[in-house]
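Beneath this line is the structure, given in structure tokens, with notes to follow.
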Amino acid sequence: MKDLIEQLKDIYIKKFCKYNKEQRNNINILYNNYKDNSIYGDINININSIFFLKKKNKNKLGIKLGNKIKKKLKKYVYKYELKSNYLNIFLKKKYYINKIKKFIKSNFNIQKTIYNKKNKKKRYIIEFSSPNSNKPLHLGHLRNILIGNTIANIYNVIGFNVIKSQLINDRGIHICKSIIAFKKFFNKKIKLNIKGDHFVGILYFKFEKEFQKEIKLISKKYNIKKNQAIKYSRLSKLVNNELINWEKKKGESISIWKKINKLVYKGFSITYKKLNVKFDDILYESKTYLLGKNFILEGLKKKIFFLDKDKSVYFLYKKKKIILLRNNGTSLYITQEIGTLLYRIKKYKKFNLLIYVVGNEQINHFKVLFEIIKINKLLIYNKLYHLSYNTVNFLGKKIKSRYIKKNEFIFIDDLICIMNNYVKHKIKKKKSDKIVEQISLGAIKYQFIKINPKKKIDFNINNVLKIKGNTGIYIQYTYARIYSILKKNNLKKIKFYKTNFLKLIKKNEISIIRLILEYKTIIDRIIKKYDPSILTNYIYIISKKINNFYQKNKILNIKNIYKRNLRLIICKIILNFLYFNMKILGIPILKKI
RNA sequence: GAUCACGUAGCUCAGUCGGAUAGAGCAACUGCCUUCUAAGCAGUCGGCCACAGGUUCGAAUCCUGUCGUGAUCACCA
């Protein structure tokens with residue numbers, strides 16, 4: 001059974017744009033949750049496209065459409081009004097009552113009521129996080145993870161088959177830097193009192209520090225520029241040799257590499273666990289990069305790629321050379337990326353969309369990658385999407401390891417720690433550490449998801465530390481409030497059939513239900529725009545509405561049993577609805593706060 | 001220099017692929033706890049939607065230009 005919005009759309013299409021696809025996509029029919037319903041009605045139909053047909057007759061055509069709707073949907077529609085550019089539909093209370101009954105029938109199952117599972121065959125692969133294995137996850141990863149995880153969860157809600165995929169960049173020069181530091185500055189001794197990934201991070205930063213020192217010395221000594229000084233750097237040579245050793249699997253390179261990676265992965269898993277993020281699939285570039293190398297060599301034979309004078313392999317993109325293989329035969333970022341994609345094609349065979357959640361600094365990288373796939377006539381060309389988001393800036397600049405100084409933190413673990421301390425001090429009643437952490441995690445996640453991925457985040461600890469107003473805590477608090485009411489009254493004892501909802505239901509109760517009916521539109525918009533922030537905003541509006549209702553109306557302590565039943569039912573719907581969406585957003589659910 | 005984003009209230013952000021009177025939160029100031037969780041609710045204050053043109057019945061939204069901020073510009077990953 002189609003829902004009302006879809007039915008209205010059908011009538012509209014039949015009447016005005018049966019054959020015009022473009023206009024069909026522009027039809028704008030929405031529940032009115034933002035303006036006075038007694039004036040603007042329950043559903044607003046934007047009739048601009050009618051202007052397209054005949055400007056002069058817009059009123060006539062509007063009335064025609066209104067009459068048709070009233071006739072066809074007389075069960076629910078009792079009135080329509082033409083106002084400005086809108087055809088406003090006024091609904092009977094019965095419509096909302098039926099919706100409430102539907103919720104009751106499904107035992108308050110949000111998924112069943114709003115989305116009936118379909119499309120299970122459609123497979124979506126979502127790659128997110130993609131860390132390097134040389135340092136802990138930082139705030140850039142945090143944004144990435146939260147966007148990726150939320151989008152993945154939403155695809156899941158609709159009923160698609162979703163694969164959350166993590167690609168770990170576990171090979172390359174950056175790892176070798178940690179390896180050298182481990183050998184040279186730490187005598188191959190692991191510090192056990194530090195979380196694994198942080199320890200490896202320390203190795204990496206130690207290397208960078210020493211490296212910069214050396215470069216400075218050389219450039220001063222010989223009076224040359226820094227980038228030229230690299231040629232004479234001893235540490236740089238050591239790293240390059242380490243990479244060659246690693247590729248040849250010589251010496252202790254591999255064993256130390258394995259040891260370091262193990263530490264890092266252990267550290268990652270703790271952070272992921274805290275964030276409550278799980279992956280269905282983990283890929284390692286060390287295992288896929290050879291596939292890419294072979295692919296490029298084959299392309300060279302097919303004359304899709306070319307050999308440069310210095311024997312490096314390149315690809316022409318917009319008349320510019322893009323290097324695909326170094327002249328010494330070792331592979332690059334793009335090489336690995338191709339390899340990983342080939343691996344995925346082999347493993348999953350068919351998928352509808354592969355979404356790369358990667359920062360916007362790599363827009364060009366993905367353009368090149370997709371072009372390479374297209375030019376090689378691989379059929380998946382249309383099934384690749386780069387979900388790019390803006391950077392997380394710290395002190396005005398993009399977060400990069402070289403910006404880290406003492407007393408500055410950019411790691412997820414540190415942020416959680418700081419937030420925990422803050423919540424602990426701000427909180428009125430004493431709470432267990434577990435609850436404190438769940439509150440701070442909710443706050444952090446909400447604060448990051450809240451912002452449109454297109455916009456950059458200038459990270460400021462004071463923004464995250466907010467616990468009033470539009471925050472994760474507000475959502476958690478709303479949930480806990482309603483939960484405590486329902487806990488005091490066992491819903492199962494209520495006999496629904498005795499309640500005459502039609503007489504009891506009032507404006508404010510209807511407006512809550514109407515808000516929930518908008519959910520489908522919201523989800524559609526999120527999928528269309530790849531923007532999870534839409535969901536946080538929506539959940540916030542719902543929370544505000546229910547808090548307002550809570551404060552103005554008594555729910556448990558009223559004499560009229562039937563009225564109480566109705567309000568409890570609405571509470572139960574909202575409770576499950578919040579639960580459902582908090583799960584999607586990954587905000588911890590607390591029964592008490 | 002080129003390319004791509006973004007510029008909305010003092011601050012942090014919404015704004016439905018052009019439509020009804022530009023919306024929230026924070027901060028500041030008022031009210032509201034002997035009654036279901038006051039981490040809340042109700043209200044006041046605050047806007048030349050960066051600037052200038054253009055497109056049309058109609059622009060915060062589309063186009064062009066200018067300014068500002070950031071990212072990228074290829075053998076780092």
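These figures come from a predicted structure and were not determined experimentally.
Atom C1' of B:C67 sits at a distance of 8 Å from the matching atom of B:A50, rounded to the whole Å. As rounded to the nearest Å, B:U8 and B:A60 have P atoms that lie 15 Å from one another. Remark: the separation of the C1' atoms in B:C45 and B:A52 is 32 Å, to the nearest Å. Between B:U61 and B:C6, the two P atoms lie 13 Å apart (nearest whole Å). The same atom, C1', is picked in B:A77 and in B:U16; the two are 39 Å apart, to the nearest Å. Taking atom P on both B:G40 and B:G25, the two are 11 Å apart, rounded to the nearest angstrom. Taking atom C1' on both nucleotides, B:G46 is separated from B:A38 by 26 Å, rounded to a whole Å. Remark: the separation of the C1' atoms in B:A22 and B:C49 is 8 Å, to the nearest Å.
For B:U12, the base has no donor-acceptor partner in the side chain of A:Lys450 [N/O atoms by modelled type, under 3.5 angstrom]. Counting atom types as modelled, A:Asn470 pairs no side-chain N or O with a base atom of B:G25 as donor and acceptor under 3.5 Å. Residue A:Asn462 places no side-chain atom within donor-acceptor reach of the base of B:A27, judged by atom type and a 3.5 Å distance cut-off alone.
As judged by a 4.0 angstrom heavy-atom cut-off over every strand, A:Lys554 is placed among the base-contacting residues. Among the heavy atoms of the strands lying under 4.0 Å from A:Glu285 are primed sugar atoms or P, OP1, OP2 only; no base atom is included.
Base pairing annotation: B:A71 forms a Watson-Crick or G-U wobble pair with B:U3, both donor-acceptor distances under 3.5 Å. Across all strands shown, B:U34 has no partner, as no Watson-Crick or G-U wobble contact with both distances under 3.5 Å is found. Pair assignment for B:G65: B:C51, on the basis of Watson-Crick or G-U wobble contacts that are both within less than 3.5 Å. Nucleotide B:G58 is matched to nothing when pairs are restricted to Watson-Crick or G-U wobble geometry with both distances under 3.5 angstrom. When both distances must be under 3.5 Å, the Watson-Crick or G-U wobble mate of B:A14 does not exist.
Rounded to an integer number of Å, the gap from CD1 of A:Ile215 to C1' of B:C76 is 15 Å. Atom CD1 in A:Ile542 sits roughly 17 Å away from atom P in B:A24 (whole-Å rounding). The nearest whole Å value for the distance from the CD1 atom in A:Ile467 to the C1' atom in B:A27 is 15 Å. The separation between A:Asn364 atom CG and B:A5 atom P is 12 Å, rounded to whole Å. As rounded to whole Å, 16 Å separates atom C1' of B:C75 from atom NZ of A:Lys320. Atoms CZ (A:Arg326) and P (B:A77) sit 5 Å apart, rounded to a whole Å. Rounded to an integer number of Å, the gap from OH of A:Tyr204 to P of B:A77 is 11 Å. To the nearest angstrom, C1' of B:C36 lies 17 Å from CD1 of A:Ile593.
Comparing A:Ile334 and A:Asp531 by the nucleotide of RNA chain B whose heavy atom lies nearest to each, the residue mapping closer to the 5' end is A:Asp531. Of the two residues contacting RNA chain B, namely A:Glu361 and A:Ile473, the nearest-nucleotide position lying further toward the 5' end is that of A:Ile473.
For A:Ser484, counting side-chain heavy atoms from C-beta on, the closest listed nucleotide (B:U21, B:C36, B:A77) is B:C36. Among B:G70, B:U37, B:G19, the nucleotide with an atom closest to any side-chain atom of A:Ala480 is B:U37. Here the nucleotide nearest the side chain of A:Tyr477, chosen from B:U35, B:A38, B:C17, is B:A38. With B:A38, B:A20, B:A77 as the candidates, the nucleotide lying closest to the side chain of A:Asn169 is B:A77. Nearest nucleotide to the A:Leu332 side chain, out of B:A5, B:A77, B:A20: B:A77. For A:Lys468, the listed nucleotide lying nearest its side chain is B:A27; candidates were B:A38, B:A27, B:A77. Picking from B:A77, B:U37, B:G70 the nucleotide with the shortest atom distance to the side chain of A:Asn393 gives B:G70.
Taking every heavy atom of residues 29-38 of chain A and every atom of RNA chain B, pairs under 4.0 Å involve A:Leu30, A:Tyr34, A:Lys35, by number.
The two residues A:Glu285 and A:Asp170 come nearest to each other via the heavy atoms N-OD1, 3.2 Å.
A:Asn420 and A:Ser440 form a side-chain donor-acceptor contact under 3.5 Å, judged by distance and modelled atom types alone. With no hydrogens or angles considered, a side-chain donor-acceptor pair links A:Asn88 and A:Asn44 at under 3.5 Å.
Between A:Lys177 and A:Glu242 there is no salt bridge, since no side-chain nitrogen of the basic residue lies less than 4.0 Å from a carboxylate oxygen of the acidic one.
A:Lys83 NZ: more than 12 foreign heavy atoms inside a 6.0 Å radius.
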Distances under 3.5 Å between nitrogen or oxygen atoms of protein and nucleotides 41-47 of chain B:
unit_1	atom_1	unit_2	atom_2	d
B:C41	OP1	A:Tyr474	OH	2.4
B:C41	O4'	A:Gln551	OE1	3.3
B:A42	OP1	A:Asn548	ND2	2.7

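Regarding the sugar-base torsion, B:C33 falls in the syn class, its angle being within 90° of 0. B:C13 has its base anti relative to the sugar, with a glycosidic angle deviating from 0 by more than 90°.
For A:Lys455, a side-chain nitrogen or oxygen approaches OP1 or OP2 of B:A14 to under 4.0 Å. The shortest distance between the side-chain N/O atoms of A:Lys456 and the OP1/OP2 oxygens of B:G70 is not below 4.0 Å. Note on A:Lys83: every side-chain N or O is 4.0 Å or more away from OP1 and OP2 of B:G19.
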Residues 474-482 of chain A side chain polar contacts: donor-acceptor under 3.5 Å, at least two apart:
unit_1	atom_1	unit_2	atom_2	d
A:Tyr474	OH	A:Asn547	ND2	2.9
A:Gln476	NE2	A:Gln438	O	3.2
A:Gln476	NE2	A:Pro588	O	2.9
A:Tyr477	OH	A:Arg481	NE	3.3
A:Thr478	OG1	A:Tyr474	O	2.6
A:Thr478	OG1	A:Asn547	ND2	3.1
A:Arg481	NH1	A:Asn547	OD1	2.8
A:Arg481	NH1	A:Gln551	OE1	3.4
A:Arg481	NH2	A:Gln551	OE1	3.0

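Between A:His141 and A:His138, the ring planes lie tilted relative to each other; the angle falls in the 30° to 60° range. Classified by interplanar angle (parallel below 30°, tilted 30° to 60°, perpendicular above 60°), the ring pair A:Tyr530/A:Tyr385 is parallel. The aromatic rings of A:Tyr333 and A:His365 sit parallel to each other, their planes meeting at less than 30°, with 60° as the upper class boundary.
A:Tyr317 places no side-chain N or O within donor-acceptor distance of the main-chain N or O of A:Ile372, the cut-off being under 3.5 Å. At least one donor-acceptor pair under 3.5 Å links the side chain of A:Asp531 to the backbone N or O of A:Ser533.
Note: A:Arg567 CZ to A:Asn560 CG = 9.0 Å, rounded to the nearest 0.5 Å.
Applying the 5.5 angstrom centroid cut-off and the 30 degree plane-angle cut-off, the aromatic ring of A:Tyr540 is not stacked upon the base of B:A24.
A:Tyr284 and A:Tyr265 have their aromatic ring centers within a separation under 6.0 angstrom.
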